[in-house]
Amino acid sequence: MFMEFLTNEDYGTIIKNESMKFYDEDYINENIVRVLDKYRPVFRSILREISDKIEGRIAARQLPEPTKAKPFNLTALKERIPPTPKPIPKLEKSRPPPKSTYESSTEQIELERTRDENHRQGLHKLNQVQSLSFHFMQTEKSKRTQIKQAQIIEENEKSREFEPIRAIPLPKLQANKIPVKLNAAAILKENEIYKKQEENVRQHLLDLEAGGRESHEFFQWQETMQKQDYEQQINAIERKRLEGRISYEEAMLARQRLTDENRRIADEIRRQTREAIEIHVKEKLKEEQRMKQLVEEVVSGRENAKAAQQKLQQYKTDFVKQYKEEIKQLMKQALEEAEAEMRQRAELIQQIRAFELLPVDRWRPVDRTSVPGYGFHDEMSIAEIRERLELLKLEREKERELRRDQIVREKQTKEKMLTTTVRSIAKRRSDLTTQAAMRKRRNISAPPAVDKSNPELEQLKTHLELKRAQRLSNQQQRETLQSCGTSLKASNSFVRSSSEWNRLEQVEKACDKAQKRTAPSLIA
C-alpha cells in the first residue's frame with residue numbers, strides 16, 4: 001500500500017500542499033517532489049515485482065542494454081617519409097702480396113742446393129779420415145816435447161819485464177752450504193734457545209738418575225686423549241649443525257603459525273571496521289542535525305556581534321594612540337643619554353692621545369761585568385757566565401773521549417763472544433738436521449672421522465626429519481585453504497541470483513570444516 005501511495009501521481013499534489021504548511025516551497029520542490037518524480041519508475045518496478053511474488057507469477061527479467069564501444073577520436077598519423085639511404089663507400093683495391101712471401105726465389109734454391117752438397121762432401125771426407133790409422137793422426141804430444149815446450153814458455157816469461165794480467169779464479173761452489181749472515185740479536189737469541197734446550201736435557205737426565213720415568217708413556221696417553229678430544233669436537237660440531245637445522249624447521253613452523261594468527265586478526269579487524277563504519281554513519285546523521293540547529297543559532301546571534309565588534313574597534317584605536325605617545329617619550333630620553341655618553345668618551349680619547357704624544361727616555365747603559373742584583377741565588381754577570389760555559393765545554397769533551405774508549409772495548413769483547421756463540425750454533429744446527437731427517441721417516445696418522453654410531457646424533461636426525469615432514473604438511477594445508485579463499489572471493493564478485501547464493505553458502509561451510517580440521521595441527 002505504501003508503494004502504491006508513492007507511485008500514484010494524484011497523491012503528489014496532496015503531499016506538496018500538506019508539506020507547504022511546515023517547509024518552504026523551494027525546499028519541497030528540490031528535496032521532495034523532484035526526488036519522487038525521479039524514482040517513481042523504480043518504485044513501480046519494485047511494486048510490480050512484489051505483486052508478482054504475491055500472486056505467484058514469475059516476472060520477466062529486464063536485462064540492461066550492453067555497452068556499445070565507440071572508437072577513440074584520435075588524430076590520424078602522417079605518413080613517415082623514409083630516410084634517404086647513405087651511400088656505401090667503395091673500398092680501394094689492395095695490392096696482391098708479392099710472390100716471394102709464399103714462393104722461394106731461385107737464389108735461395110741454389111744456396112740450399114750448394115749447402116746440402118757441401119754437407120754431403122764433408123761427411124764423406126770425415127768417414128775417410130776416421131777409417132785411416134796412421135801415426136800422423138795421433139794428436140797427443142810426447143813427454144819430451146811437452147818438457148821442451150814448458151821450458152820455452154818459462155824463458156819467455158822471465159824475459160818479460162811487465163807482469164801479465166791474471167784472471168781472478170772462480171769461487172768454489174758450496175752445494176747446500178749457503179752462508180747466512182746473522183746480526184747480533186739473532187745470534188744471541190738462538191744461543192739462548194739452545195741453552196734452554198740443553199738445560200732441559202740436563203734436568204731430564206738428573207730426573208732419570210733420581211729414579212724418574214720416561215715421558216714416552218705420558219706422550220702416548222696425551223696423544224690418545226688428544227684424539228678423543230678431537231673426536232668429541234667433531235661430534236659436537238655435527239650436533240650443533242643438526243640442532244641448527246631443527247631450529248630452522250621450528251622457526252618455519254612458528255612463521256606459519258604467525259601467518260595464520262595474522263589472518264585471523266585481519267578478519268576480526270575487518271568485522272570491527274564494518275561495525276565502526278555503520279556507527280560512524282549514524283553519528284554523521286546526528287551531526288548533520290546538530291549543525292542545522294547551530295546554523296539557526298548563529299543567524300540569530302549575528303546581529304548582536306556587530307555592536308560588540310564596533311566597541312572592540314574603538315578600544316583598539318585608543319590603545320594604539322596611547323602606546324605611540326609612550327614610545328616617543330622613551331625615544332627622546334634614550335637619545336639624550338646616548339649624546340651625554342658620547343661626549344664623555346670624546347674627552348677621554350683626547351686625554352689619552354695627549355699622554356701618548358709626550359716623549360719617553362728609554363736608553364739604558366749595559367755593563368757586562370756587573371751583577372743585576374735581583375736577589376736570586378747564584379746571580380752572575382755576563383762575563384762570568386761565559387767563563388763557566390767554556391769550562392763546561394772542556395769537561396764534556398773529556399767525558400766524550402772516555403766514553404769512546406769504553407765503547408771500543410765493549411765492541412771488542414762483544415765480537416769475541418759472538419764468534420764463540422756462532423761456532424756453537426753451527427755445531428747445534430748440524431745436530432738438529434740429523435734429528436729432523438730421522439723424524440721425517442715417521443708416519444703421520446690420519447685424522448679421525450665423525451662417529452656415525454653415536455645415538456645422540458641419530459636421535460637429532462630423526463627429530464629433524466619429523467619437524468621437516470610437519471612443516472611440509474602444514475604448508476600443503478595452507479595452500480588448500482588459500483585456494484578455497486580465492487574461490488570464495490571470485491564467487492562473491494559474480495553472485496546475483498538466489499541459487500548462486502545457496503551454492504556460495506555451501507562452499508563457505510566446506511571451507512569452515514576444512515579450517516577446523518587443520519586448526520589443531522597448526523596449533524600443535
Side-chain angles (χ1 to χ4, degrees), residues 2-13 15-16 19-20 23-53 57-89 262-263 266-267 269-292 294-295 479 481-508 511:
F2 181 66
M3 295 298 288
E4 287 177 354
F5 175 75
L6 289 174
T7 54
N8 197 346
E9 294 179 357
D10 296 333
Y11 293 122
T13 55
I15 291 166
K16 184 177 180 181
S19 58
M20 287 279 287
Y23 301 103
D24 294 334
E25 187 177 359
D26 296 334
Y27 179 78
I28 291 162
N29 291 330
E30 183 68 24
N31 294 327
I32 296 173
V33 177
R34 188 179 64 78
V35 173
L36 286 172
D37 293 338
K38 182 178 179 182
Y39 290 102
R40 193 169 279 118
V42 179
F43 293 154
R44 284 175 182 170
S45 63
I46 293 166
L47 180 61
R48 197 180 300 112
E49 288 178 2
I50 291 165
S51 60
D52 290 337
K53 283 185 180 181
R57 289 180 294 176
I58 298 168
R61 188 176 176 184
Q62 292 181 359
L63 295 171
E65 293 181 358
T67 56
K68 295 179 181 180
K70 292 182 180 179
F72 294 105
N73 189 11
L74 300 174
T75 55
L77 293 172
K78 293 181 179 179
E79 293 182 358
R80 293 181 67 184
I81 300 167
T84 56
K86 293 181 180 179
I88 299 167
N262 289 336
R263 192 180 292 106
D267 295 336
I269 289 165
R270 287 194 199 95
R271 185 181 61 77
Q272 290 176 2
T273 50
R274 202 181 297 113
E275 292 176 357
I277 288 165
E278 291 175 358
I279 294 164
H280 179 70
V281 169
K282 291 177 183 177
E283 289 179 356
K284 193 75 176 176
L285 293 170
K286 291 179 182 178
E287 188 69 22
E288 286 179 358
Q289 292 177 2
R290 192 173 64 79
M291 289 299 293
K292 286 178 182 177
L294 283 171
V295 167
E479 287 175 359
L481 287 174
Q482 285 178 0
S483 63
C484 187
T486 52
S487 64
L488 281 173
K489 287 178 183 178
S491 59
N492 283 329
S493 60
F494 293 105
V495 169
R496 288 182 182 177
S497 64
S498 60
S499 62
E500 290 175 348
W501 277 109
N502 293 327
R503 197 180 301 111
L504 179 60
E505 288 175 357
Q506 290 175 3
V507 172
E508 285 179 353
C511 290

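In what follows, residues are counted from 1 in the order of the sequence shown. These numbers come from the heavy atoms of this one structure, side chains and all, not from hydrogens, waters or symmetry mates.
For the pair Asp37 and Arg40, the salt-bridge criterion is met [side-chain N within less than 4.0 Å of a carboxylate O]. Salt-bridge check for Lys286 with Glu283: failed, with every basic side-chain N at 4.0 Å or more from each acidic carboxylate O.
Put simply, CD1 on Ile28 and CD on Glu25 are 7.5 Å apart, with the number rounded to the nearest 0.5 Å. The distance from atom CG of Leu47 to atom CD of Glu49, rounded to the nearest 0.5 Å, is 10.0 Å. The CD1 atom of Ile50 sits 5.5 Å away from atom CE of Met3, with the distance rounded to the nearest 0.5 Å. Atom-to-atom distance recorded for Ile32:CD1 and Tyr23:OH is 7.0 Å, nearest 0.5 angstrom. Taken from CZ in Phe43 to CZ in Phe5, the straight-line distance is 12.0 Å, to the nearest 0.5 Å. Rounding to the nearest 0.5 Å places NZ of Lys284 at 9.5 Å from CE of Met291.
By the salt bridge (Lys or Arg N to Asp or Glu O under 4.0 Å) test, Glu275 pairs with Arg271, sequence neighbours left out.
Residues Arg274 and Ile277 fail the side-chain proximity criterion, which asks for heavy atoms closer than 4.5 Å.
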